[in-house]
Number of protein chains: 2
Amino acid sequence: MTVTDEDPVDRGVSPNSHDALRRALTMISGKWKLEILWLLYHRTHRFGELLKTIHGVSQHVLTKQLRELEADGLITRKIYAEVPPRVEYSMTDATRELEPTIQSLMLWWENHGSNTRGT
Amino acid sequence: MTVTDEDPVDRGVSPNSHDALRRALTMISGKWKLEILWLLYHRTHRFGELLKTIHGVSQHVLTKQLRELEADGLITRKIYAEVPPRVEYSMTDATRELEPTIQSLMLWWENHGSNTRGT
DNA sequence: CTGGATCCCCCAGGATACTG
DNA sequence: CAGTATCCTGGGGGATCCAG
């Protein structure tokens, strides 16, 4: 320990780690992203399914969030060139490996976070 | 509302977990919160120290983020009734226990997140 | 069915100035 | 030194309509 206020390395991370962290958080901080990922953890979903299942989200926003998740490599978008268009979204390896972290956060929340400002 | 057509898979979580999760994420999603927490992991800091160390943040915003963190029980604010006002911020138990989760997220980022958009 | 294009609202966050 | 009080802007997210 002996953290002399000048020793940036002590937990095995670089000084700018919080910066990378912020980006990581941003990737999953969209209002519906967690719910989307959650559904995709179970199985592949079509756009319409997501729209129906996630109550309260509009196509516009859902599309946007999906696009962002895709750009961040968190989900895969597969388009079927059929007459009634069909698009399926599924998770990626990255998403799957993220799950333990999510679990970790959830556990923490249950222990410490849920009893503060309940706004 | 419960999950609809899929089996209650269970990764040890309740149906509405994504909701709680979002709140947990929100708690640490402020633009400077991670950096603040990071500094407080090392040691207690005064307001002025944080303001100087965290480049780019204004008093206004820093104050706001600190207030939010405090309201969420992530930091402690101690005021010394001295002539030159002194206020010290330090982390709480909750914060300390959150660290592994943060580490987990960081590791994930290094493995999967850093090679997508953003560089 | 999927998902653009528009318009709107709200608020986190930035800049600046003023006090106890 | 620490913290308010204003004012301002960008962008996330909502609603609605149009299109391939």
Side-chain angles (χ1 to χ4, degrees), chain A residues 18-19 21-37 39-40 44-72 74-90 117 119, chain B residues 5 18-19 21-37 39-40 43-72 74-90 117-118:
Chain A
H18 46 264
D19 202 74
L21 235 13
R22 265 228 336 254
R23 284 188 287 168
L25 277 180
T26 302
M27 285 175 53
I28 58 176
S29 288
K31 183 168 181 181
W32 308 98
K33 289 186 181 176
L34 284 172
E35 192 159 355
I36 292 170
L37 292 180
L39 290 170
L40 298 190
T44 292
H45 280 71
R46 300 186 50 172
F47 181 82
E49 285 180 312
L50 293 173
L51 191 56
K52 277 189 314 176
T53 307
I54 305 176
H55 298 290
V57 71
S58 63
Q59 296 133 347
H60 180 78
V61 173
L62 179 58
T63 300
K64 211 162 95 179
Q65 307 254 316
L66 288 170
R67 286 281 132 53
E68 288 176 15
L69 287 171
E70 187 191 8
D72 285 328
L74 286 175
I75 64 173
T76 299
R77 180 159 169 261
K78 187 166 186 179
I79 308 141
Y80 295 84
E82 303 175 354
V83 176
R86 181 158 63 110
V87 179
E88 289 188 347
Y89 294 91
S90 49
R117 62 167 176 187
T119 339
Chain B
D5 52 339
H18 46 263
D19 203 72
L21 232 14
R22 245 180 9 99
R23 283 188 289 167
L25 277 180
T26 302
M27 284 175 55
I28 57 175
S29 288
K31 185 168 181 182
W32 309 98
K33 290 186 181 178
L34 283 173
E35 193 160 355
I36 293 170
L37 292 180
L39 290 171
L40 297 190
R43 60 171 174 82
T44 293
H45 281 70
R46 301 183 50 169
F47 181 83
E49 285 180 312
L50 293 173
L51 191 57
K52 277 189 314 174
T53 308
I54 305 175
H55 298 289
V57 71
S58 62
Q59 296 132 346
H60 179 81
V61 174
L62 179 56
T63 301
K64 211 163 95 180
Q65 307 255 314
L66 287 170
R67 288 281 135 57
E68 287 175 17
L69 287 171
E70 187 190 8
D72 285 327
L74 287 174
I75 64 174
T76 299
R77 179 159 169 261
K78 188 166 186 180
I79 307 142
Y80 295 84
E82 303 175 354
V83 176
R86 181 158 63 111
V87 178
E88 290 187 347
Y89 294 91
S90 49
R117 66 161 175 192

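Quantities reported herein were computed from a predicted structural model and do not represent experimental measurements. Just so it is clear: chains get the letters A, B, ... in the order the sequence lines come, proteins before strands, and each one is counted from 1.
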> In terms of the nearest nucleotide of DNA chain D, which residue is placed more toward the 5' end: A/G30 or B/E88?
Replying inline: B/E88

>> Nearest whole Å is fine: how far is C/dA12 P from B/I36 CD1?
In response: 15 Å

> In degrees rounded to 10°, what angle is found between the helical axes fit to the five outermost pairs at each end of the helix from C/dC1-D/dG20 to C/dG20-D/dC1?
Replying inline: 40°

>> Quick check for you: to the nearest 0.5 Å, what is the distance between B/S29 atom OG and A/R22 atom CZ?
In response: 10.0 Å

>> Which residues pass the side-chain contact (heavy atoms from CB on, under 4.5 Å) test with B/T53, not counting sequence neighbours?
In response: B/L39

> Roughly how far apart are A/L21 CG and B/L34 CG, rounded to 0.5 Å?
Replying inline: 5.0 Å

> Once you round to the nearest 0.5 Å, how far does NZ of B/K64 lie from NZ of B/K33?
Replying inline: 9.5 Å

> What is the distance, rounded to the nearest whole Å, between atom CG of A/L51 and atom P of D/dG14?
Replying inline: 12 Å

> By side-chain contact (heavy atoms from CB on, under 4.5 Å), which residues pair with B/E88, not counting sequence neighbours?
Replying inline: B/T44, B/R46, B/Y80, B/R86

> Sequence neighbours excluded, which residues qualify as side-chain contact (heavy atoms from CB on, under 4.5 Å) partners of A/T26?
Replying inline: none

> With sequence neighbours excluded, what pairs up with B/V87 under the side-chain contact (heavy atoms from CB on, under 4.5 Å) test?
Replying inline: B/R77, B/I79, B/Y89

> Of the nucleotides D/dG13, C/dG13, D/dG3, which has the atom closest to the B/F47 side chain?
Replying inline: D/dG3

>> Regarding B/V87, tell me which of base, sugar-phosphate or nothing describes its non-hydrogen contacts under 4.0 Å with the strands shown.
In response: sugar-phosphate

> Can you tell me how far CG of B/L74 sits from CD1 of B/I36, rounded to the nearest 0.5 angstrom?
Replying inline: 10.5 Å

> About how many Å separate CZ of A/F47 and NZ of A/K52, when rounded to the nearest 0.5 Å?
Replying inline: 12.5 Å

>> Students often get this wrong, so: under 4.0 angstrom with heavy atoms, is B/T63 touching a base, only sugar-phosphate, or nothing?
In response: base

> Which whole-number value in Å describes the distance from A/K64 NZ to C/dT6 C1'?
Replying inline: 13 Å

Sort me out a list of protein N/O and nucleotides 17-20 of chain C N/O pairs below 3.5 Å, or just none if empty.
none

>> Counting only side-chain nitrogens and oxygens, does B/R46 get under 4.0 Å of the OP1 or OP2 atom of D/dA2?
In response: yes

> Under 4.0 angstrom, heavy atoms only, what part of the nucleic acid is A/E82 near: base, sugar-phosphate, or nothing?
Replying inline: nothing

> Got a donor-acceptor pair under 3.5 Å from the side chain of A/K31 to the base of D/dG12?
Replying inline: no

>> If I take atom NZ in residue B/K78 and atom P in nucleotide D/dA2, what distance separates them, rounded to the nearest angstrom?
In response: 15 Å

> Would you say C/dC1 has OP1 or OP2 under 4.0 Å from some side-chain N or O of A/Y89?
Replying inline: no

> Just how far is it from atom CZ of B/R23 to atom CD1 of B/I28, taken to the nearest 0.5 Å?
Replying inline: 14.5 Å

> What is the distance, rounded to the nearest whole Å, between atom CZ of B/R67 and atom P of D/dA5?
Replying inline: 11 Å

> Over how many whole Å does the gap from A/E68 atom CD to C/dG3 atom C1' extend?
Replying inline: 15 Å

> Which one, D/dG13, C/dG13, D/dC1, comes nearest to the side chain of B/V61?
Replying inline: C/dG13

> D/dA15 C1' sits how many Å from A/L62 CG, rounded?
Replying inline: 15 Å

> Expressed in angstrom and rounded to an integer, what is the separation of B/Y80 atom OH from D/dA2 atom P?
Replying inline: 12 Å

> Does a nitrogen or oxygen in the side chain of B/R77 sit under 4.0 Å from OP1 or OP2 of D/dA2?
Replying inline: no

